[in-house]
Amino acid sequence: MSRVSKPYDPKQIEKKWQGIWDVEKAFAATDDYSKPKYYALVEFPYPSGQGLHVGHPRPYTALDIVARKRRMQGYNVLYPMGWDAFGLPTENYAIKNKIHPKVVTENNVKHFKDQLHSLGYSFDWDREVNTTDPTYYKWTQWIFLKLFQAGLAYKSEMPINWCTSCKVGLANEEVVNGVCERCGSPVVRKVKSQWMLKITDYAEKLLEGLKDVDYIEKVKTSQINWIGRSEGAEVEFSLKDKEDKLVVYTTRPDTLFGATYMVVSPEHPYIEKYKDEIRNWDEIMAYREMAARKSDFERTELAKEKTGVQIDGLSAIDPVNGKEIPIWISDYVLMSYGTGAIMAVPAHDERDWEFAKKFGLPIIQVVDGENVDVQEAAFTDVATGKMVNSGFLDGMEVAEAKRAIIDWLAEQSVGHRKVNYKLRDWVFSRQRYWGEPIPIVQCEKCGYVPLSESELPLELPEVDSYMPTDNGESPLAAMTDWVNTTCPCCGGPAKRETDTMPQWAGSSWYFLRYTDPHNDQALASQEALDYWLPVDWYNGGMEHTTLHLLYSRFWHRFLYDNQVVPCPEPYQKRTSHGMILGENGEKMSKSRGNVVNPDDIVAEYGADTLRTYEMFIGAFDLSASWSAEGVRGCRRFLDRVWKLQDMLTEEEGYSDKLETKLHQTIKKVSQDYEALKYNTAIAAMMALINDFYKENQVTRGEYKTLLTLLNPVAPHMTEELWEMLGFGGRLYQTSWPEYEEAKTVEKKVEIAVQINGKTKATVGIDIEADKDFVLAAAKEALGDKLAGNIVKEIYVPGRIVNFVVK
RNA sequence: GCGGAUGUGGCGGAAUGGCAGACGCAUCAGACUCAAAAUCUGACGGGGGCGACCUCGUGCGGGUUCAAGUCCCGCCAUCCGCACCA
């Protein structure tokens, strides 16, 4: 009892246990497929030159807790880690410092791995993957070939950001306020032929698949909105005195009688086609050039002043009433959504209304409602309005009118029902060096020809310069002896594709590789895929909710359709973590000077403290600000757990006084670990040890339970205590503690006694007490305060009594 | 603009519609110490009262309910993403 423990020394303890776990291969997933499996996954990091950020350990610790708990519950757990190592920053660093990106990557990976290792994660390091490893990207290329063969990869003219001074293509991120980040010169959109993946063919399947998975609601909503399914109609407007039709997509075909003009995107092909008949060509070209300088985001901003130019020389005919209406160009219409042309109904669409007001175009009301004046504001309510000025639609409700007009359009062969998606095809080409080569050659005779599987991996050649060439081609284009090859089809001369794949490629299937990472015959064996898939729990950042999550679901679904993987959806459950901000509540960044390095925290307080703090910092799915004081508080908690050994008694069971509390804590911690509520789980353990301190004693049974519950959060110190105190075996191999529901219930409770909902007294009762007894006790407790007529008596067992008094 | 979220003490944050502020931090007081640190114990939303107590209080304005931080309607403010950063 009076023994004084040696001080808690995380540095020595953590190193010791990390070594033991490595030697014992404590956390290796086994290939014993008869055991129940659990696949926990966190997004693998991009190994940047800055090293680990304190944001990384948040999700890694959270799922480490789940993985460790599952192992203690008898599961065969797969909790892997790897490197998403292709990418722009590495390439830019390599260019600047004249070091091969492969070397930069190797160094960064080593640094990251050391850092992660020092945090004691239970990753199965034997299954580490790296997207830049040719034995890995062989299969990335293999999947691309499958997509190509299925007709889902195609070439298309797409705009890239083009720096007018550097003469290179830029990523969106490298364009700041319309100018090049490096040199400050204007950036324009330049059209280039690029590889595209037809993710739009999978829009419906990707939407459907969401019904069967357990994603947190906001993630599901984001995916649904990103896919952006809408139902409407495609309508053909004839060009006056021309054969061609101008096709528009609209969700409001019911308002066709109100169309007073049309707007096409400045890039619309008809502008070129009818060049000779356009009388204000110079004006049109000037506008187009201006639009090319803006991003889609800037172009479609509603708040901004509308701009546009009427095409002088072309006009359209409204199919419902034969009226001739003018055609304008404006930058808020994008070629990438719908058909690149819209019919404008200013009376019932806000953007059209603003445009019409600015340029004095007519506004014709076709839906009527109460107190509606379309000259004052657009009327967009579809639920209550009735059709007017619309010929045969007059008097119908909007929904009814939609159906009627679509039927009519179909009868007249000038339109049809159409489902449209906001989702756009995936631009899969990058004019960069540090990415997977696209395994395609272009032959003059045979066109685009895929390499055969036996030629994979197509490795990146060594080049002298990683700079993109000044004609917008990838650096690979300068490697003539690599580029010039023979056609696998006809044996004639051919050229290799010089664009590389985007970083998204490698990360779209990495979770499959973890199941069987060393397989050289397939991306993974059928048995491994059948056993491990789907991923049971995948956690990642909100910033990956739309792109990465959707891209990887797309690839997975495609592989399922091709019988490569056993299930249609890759992830059974998806959660998201919040960001960790600086002490000042702002995003951590070098320029703000508020960056915290996890290494410093480990050195000063230990990995267990860092892990505990990051879990305690706040609600897991919300952003939270760093607090140096808060870190110290968590270290103090661990110190208090450590010093409990001085209060240890010989008893193996729970003390009578704390038995209920122990059962409650086991229940609370077990449930909270599953529900992303790590902060309240830790709070519950803090409250428990506060009770031990009050009693100034802890039994062996109680201490064992506490150490087991805390082990997933603070694995090193709990394992050390377990060994020191001779609790037997390894803590990581111990089973998870059980609780009895009946023993979590407090026998005596204090309940609130209210009058008209305001608490006036409290009364201690036995939980078993019946209603009449409790009401009587409550009345007694209130005494004189209970005056007037009791209208109603409410008793919520174990909670509250409320008297409604008049 | 489109989409997603958030708003509770001095601070981070707890609260299946049922006693708002668990747990932690900071602060203050006490114990220990020659002293400090560390540690242990206690107090800790605002206003009022010597006091058992009273009263106000969860961004703002309404509403539903015996009872609202929680549900509904309307605002305000802040943060994040937007397809070539990952």
Side-chain angles (χ1 to χ4, degrees), chain A residues 43 45-46 48 84 86-89 158 160-161 169-175 194 199 217-219 221-222 224-226 228 295-304 332 336 350-351 422-432 502-504 507 541-548 550-551 576 578-579 581 585-587 613 616-619 621-634 636-637 639-640 643 677 679-687 690 693-694 696 750-762 791-794 796 798-805:
Chain A
E43 287 169 349
Y46 174 67
S48 74
D84 188 16
F86 278 126
L88 202 55
M158 289 299 290
I160 61 169
N161 299 309
L170 299 175
N172 284 347
E173 198 187 57
E174 297 173 296
V175 183
Q194 311 210 62
I199 190 173
E217 212 45 47
K218 61 178 172 181
V219 169
T221 310
S222 293
I224 291 168
N225 290 335
W226 191 260
S295 67
D296 288 358
F297 167 53
E298 289 168 320
R299 285 172 53 159
T300 53
E301 207 167 353
L302 186 59
K304 76 159 185 149
Y332 77 90
S336 50
E350 276 175 42
R351 275 203 284 208
K422 283 213 181 91
L423 183 68
R424 311 206 289 257
D425 276 342
W426 176 3
V427 183
F428 201 69
S429 282
R430 298 292 184 272
Q431 293 73 48
R432 294 282 174 171
Q503 186 164 38
W504 306 112
S507 61
M542 263 326 267
E543 69 275 23
H544 290 127
T545 308
T546 42
L547 299 181
H548 161 65
L550 204 62
Y551 290 156
S576 269
M579 247 194 307
L581 307 171
E586 291 172 14
K587 206 167 168 172
Y613 176 64
F616 189 62
I617 192 168
D621 59 332
L622 301 180
S623 55
S625 304
W626 189 263
S627 158
E629 301 289 356
V631 178
R632 265 203 288 283
C634 286
R636 201 172 297 156
F637 163 60
D639 277 323
R640 278 162 71 81
K643 284 186 297 187
K677 295 172 80 170
N679 53 337
T680 50
I682 291 168
M685 289 185 280
M686 287 172 169
N690 287 346
Y693 272 75
K694 267 190 201 112
N696 199 30
E750 187 154 284
I751 65 169
V753 181
Q754 302 182 330
I755 297 175
N756 295 338
K758 301 231 176 217
T759 303
K760 296 292 175 183
T762 57
V791 186
K792 205 171 175 185
E793 297 172 336
I794 294 151
V796 183
R799 290 273 188 185
I800 203 164
V801 173
N802 188 18
F803 295 109
V804 184
V805 170

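Below, read A as the first sequence line, B as the second, and so on, with proteins coming before strands; counting in each chain starts at 1. Nothing here was measured: the structure is a model prediction, and the numbers come from that model.
The base-pairing partner of B:C2, taking Watson-Crick or G-U wobble contacts with both distances under 3.5 Å, is B:G81. Nucleotide B:A29 forms a Watson-Crick or G-U wobble pair with B:U41, both donor-acceptor distances falling under 3.5 Å.
Each of A:Ala761 and A:Glu217 was matched to the nucleotide of RNA chain B holding its nearest heavy atom; the match closer to the 5' end belongs to A:Glu217. Nearest-nucleotide positions on RNA chain B place A:Met686 closer to the 5' end than the other of A:Asn161 and A:Met686.
Here the side chain of A:Glu43 pairs a donor or acceptor atom with the backbone of A:Gly541 at under 3.5 angstrom.
In this structure, CZ of A:Arg799 is placed 19 Å from P of B:A67, rounded to the nearest angstrom. Note: CD1 (A:Ile794) to P (B:G17) measures 17 Å, nearest angstrom. Taking atom NZ of A:Lys792 as the reference point, atom P of B:A67 lies 9 Å away to the nearest angstrom. We find that CH2 of A:Trp504 is positioned 8 Å from P of B:C85, with the value rounded to whole Å. Rounded to whole Å, the distance from CD on A:Gln754 to P on B:G18 is 11 Å. Remark: C1' of B:G18 and CG of A:Asn756 are 15 Å apart, rounded to the nearest angstrom.
At the heavy-atom level, A:Ile682 lies nowhere under 4.0 Å from the strands shown. Note on A:Leu88: only backbone sugar-phosphate atoms sit closer than 4.0 angstrom, heavy atoms only; bases stay farther off. A:Asp639 comes within contact range of no nucleotide atom at all, as no heavy-atom separation falls under 4.0 Å. Contact annotation for A:Ile160: base contact, defined as any heavy-atom pair under 4.0 Å involving a base atom. Residue contacts for A:Glu629: at a heavy-atom cut-off of 4.0 Å it reaches the sugar-phosphate backbone alone, with no base atom in range.
Between A:Tyr613 and A:Trp626, the ring center distance clears the sub-6.0 Å criterion.
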Sequence-aligned protein contact record of nucleotides 8-15 of chain B, with B where the base is within under 4.0 Å of a protein heavy atom and S where only the sugar-phosphate is: ----BSSS
N/O contacts under 3.5 Å, protein versus nucleotides 40-44 of chain B?
from: B:C40; atom 1: OP1; to: A:Arg640; atom 2: NH1; distance (Å): 2.6

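The side chain of A:Ala683 lies closest to B:A22, out of B:G4, B:A83, B:A22. For A:Ala752, the listed nucleotide lying nearest its side chain is B:C19; candidates were B:C66, B:C19, B:C56.
Under the side-chain hydrogen bond (donor to acceptor under 3.5 Å, both in side chains) criterion, A:Tyr551 pairs with no residue at all, not counting sequence neighbours.
Nucleotide B:G12 carries an anti base; the chi torsion (O4'-C1'-N9-C4 or O4'-C1'-N1-C2) is more than 90° from 0.
For a distance-only test at 3.5 Å, the side chain of A:Glu586 fails to qualify as a donor-acceptor partner of the base of B:C79.
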